[in-house]
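Scroll down for the structure; my scribbles are underneath it.
Scope of the values below: all heavy atoms of this structure, side chains included, with no hydrogens, waters or symmetry mates. These figures come from a predicted structure and were not determined experimentally.
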Amino acid sequence: MCVHCASADRPREPTRTRVSEAVSEPPALPRRALRVRVYADADHRAQVLHWERAFAASLQRASEAVREPLRVTFELESARPWDRRGSEGALEPVVDALEALDAGEDVDLVVGLVSAPSAFSESQHELGFARVLGRHCVLRGISATVPTEARRHLEVSALLHEWAHTLGALHVREVRGWMSAKYGAAWTGFDARTIALLDAGLRHLPRARVELESQRAWARELRTVLEGMLGPAWEGPERDFLLAWTERVLAASVVLGPEGTPRSLTPEERQRLAEVIALEKAGRPELAAEALEPLALRHPHDERVQLLACYLAVHLTPALDTTRARCERATARFPSEPSLRMNVALLHLHAGRFDAAQDSLLAARRNLETRTDAEPSLWADLAGLFLRAHGLTWAEEAAARAPGLAASATVLEQAARIRRQVALPARPDANTGTPTAPASEHPVEPSHEGALVREVFDIEALLHAGSSGPARERITTLARLYPESPSVALVQCELHLLKGRLAPARIACERVLAAREDAVQAHLLLGVLATNTRAHARARAHLERVIALEPSRTEAWHLLAREYRGTKKLGPLKVRYREQFARDLP
């Protein structure tokens, strides 16, 4: 072998660039650009002048080599200096250091460039090293004494060899090509079976690194290709490792890393995680998030680390796109973890994406229902989030799974209050299955409750702001959707009253009370109407009912004080007000 005589322009053998007839050809992949981030250590930068430009040119030549057989090209995302020295000896620890530096989750490949070897070796392991089924590889520089064309061929060969390892390609014996264990100046191209294997990876990545079903699909296709790799050219521990990896993936309930298991924390990292948790519990979430970030980048497949990273990001920076991306990646990796789905739902709630929040909360509920050991506090947390999304029935059902907790009691109390406010039917009693108050003949589906409640609140806000035109249009739309709903009758009553149409207002509000006698807003509106028409007995009855249902409604106290002015009932009312609010009635 004469490395000085190699030619980068040597024609390829046809079998290197297309799948042979013995391999079933899957549908052609769409053309795709793979994003590459490169780091050069101090020694490499000292040896290679304009190293960024040199690597970009090498990447372009590699793109030309795989553009047709694999329909991919490489795109340089960024070139960065690497604050390290020394790469003599094995390259695997250097790959470990590169992974610790940059998890590379936003790119397809992370390359580390280190110094040229003191003496050239034909062994590919001396030229570079890759994390099989990962996204990191390290390449040695090529001595400047090697002629330009020979160096270019060698750089492309080493780069494509290591990149192919990250997609699962294994060394091929008895075949002269890029996946030979030894470099050859005249060798170029991938053999047909390797192309089929690379196609499998390109078909499912990058999603297969973070989504369980996508990873399983990749494992199934990879296994099919591997099972067809029979004969001495393929046999050995590399093929056995890949087959074992596919078995572990297909049996796993979480996304696995390159080694087939989630990467474990070192003792020092476990200590750091404990310190992060202590900081969060001490009320110092900013410091906790800062201390956790290196662990989160280094261990994308550690469930506890990613759950905590998502939680801290949600509570510190809920509006950032990076927070949402982080939590959704974690949810894809750990789809059975309810806390992650609840955190994603909280992000949606912050942004007003109520439908998306509802979907996440229902997924979290399914996760909890499959767990026999779910903490009651998780059910209470879920109930609180359902309440924020105005899914009242689901909030009440979740709270019922955590009886005795103060948080659950609060949810049940608030849900009942909202039902009274918007005149939704009362939920059935958990023990008897019968409604706790007269139910509407046209109940609202739990999946529609949130939208209905929010629309009623929005319409009332428009009416209070004097925007009766937009409110009327939205009431008309709501009435088409829920023609028999007392909630619609409630906002119709309020609109009529605002416009001075007293008779229609009375009819609409009385219709509400026929469905829900404890609809507090309907009582208040009828109290206002009766006060304005000097129907004092009726006004007092409705206003007293408001106070009995919700003593905090100060407007009802003030209206009732006007009704009782000049009567013996005003004094007792003032006493009741002072007991309720610890101040005198104005």
Using side-chain contact (heavy atoms from CB on, under 4.5 Å) as the criterion, list what pairs up with [X], not counting sequence neighbours.
{"X": "R401", "answer": "E369, W379"}
{"X": "E247", "answer": "R223"}
{"X": "R209", "answer": "R135, L205"}
{"X": "A363", "answer": "R341, R366"}

Practice prompt. Answer yes when R216 and E211 have at least one side-chain N-carboxylate O distance shorter than 4.0 Å, and no when they do not.
Written response: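 Salt bridge between R216 and E211, a charged N being under 4.0 Å from a carboxylate O: no.
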
Worksheet item: Using 4.0 Å as the upper bound for N to carboxylate O, is an ion pair formed by D302 and R304?
Response: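 A salt bridge is absent here (no side-chain N lies under 4.0 Å from a carboxylate O).
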
Item to complete: List for me each residue that meets side chain to side chain donor-acceptor pair (under 3.5 Å) alongside T410, sequence neighbours excluded, and say none if there are none.
Response: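 With sequence neighbours excluded, T410 shows a side chain to side chain donor-acceptor pair (under 3.5 Å) to no residue whatsoever.
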
Practice prompt. Please work out which of the three classes, parallel, tilted or perpendicular, describes the rings of Y39 and W82, given edges at 30° and 60°.
Written response: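 Rings of W82 and Y39: perpendicular, as their planes differ by over 60°.
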
Discussion item. I'd like to check the salt bridge (Lys or Arg N to Asp or Glu O under 4.0 Å) partners of D381; sequence neighbours left out, ordered by chain and number.
Written reply: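 Not a single residue meets the salt bridge (Lys or Arg N to Asp or Glu O under 4.0 Å) criterion with D381.
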
Between [X] and [Y]: side-chain donor-acceptor atoms closer than 3.5 Å:
{"X": "D584", "Y": "Y577", "result": "no"}
{"X": "H464", "Y": "E494", "result": "yes"}
{"X": "Q358", "Y": "H348", "result": "no"}
{"X": "H204", "Y": "Q215", "result": "no"}
{"X": "E375", "Y": "S377", "result": "no"}
{"X": "R419", "Y": "T393", "result": "yes"}
{"X": "R553", "Y": "Q521", "result": "yes"}

Item to complete: Please report the C-alpha distance between R534 and E563 in whole Å, then the side-chain angles of each, then the deciding distance to 0.1 Å, and finally whether the salt bridge (charged side-chain N to carboxylate O under 4.0 Å, His left out) criterion is met.
Response: CA-CA 9 Å; R534 301 182 184 278; E563 287 293 324; over 6 Å; no

Practice prompt. Hey, could you give me each pair passing salt bridge (charged side-chain N to carboxylate O under 4.0 Å, His left out) that has a residue in residues 346-363? Not counting sequence neighbours.
Written response: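 Not a single pair qualifies under salt bridge (charged side-chain N to carboxylate O under 4.0 Å, His left out).
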
What residue pairs, at least two apart or across chains, pass disulfide bond (SG atoms under 2.5 Å apart) with a residue in [range]?
{"range": "residues 549-586", "result": "none"}
{"range": "residues 272-333", "result": "C310-C327"}
{"range": "residues 465-569", "result": "C493-C509"}

Worksheet entry | Flag if over 12 foreign heavy atoms under 6.0 Å of CZ, R562 |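 No, CZ of R562 has 12 or fewer neighbouring heavy atoms, counting only those of other groups under 6.0 Å.
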
Donor-acceptor pairs are to be reported for all side-chain atoms of residues 465-473 against protein atoms at under 3.5 Å, with residues two or more places apart or in another chain.
| unit_1 | atom_1 | unit_2 | atom_2 | d |
| --- | --- | --- | --- | --- |
| S468 | OG | K499 | NZ | 3.0 |

Item to complete: Return the set of residues passing ring-ring contact (aromatic ring centres under 6.0 Å, His included) with H448 (not counting sequence neighbours), or none when no residue passes.
Response: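 H448 satisfies ring-ring contact (aromatic ring centres under 6.0 Å, His included) with no other residue.
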
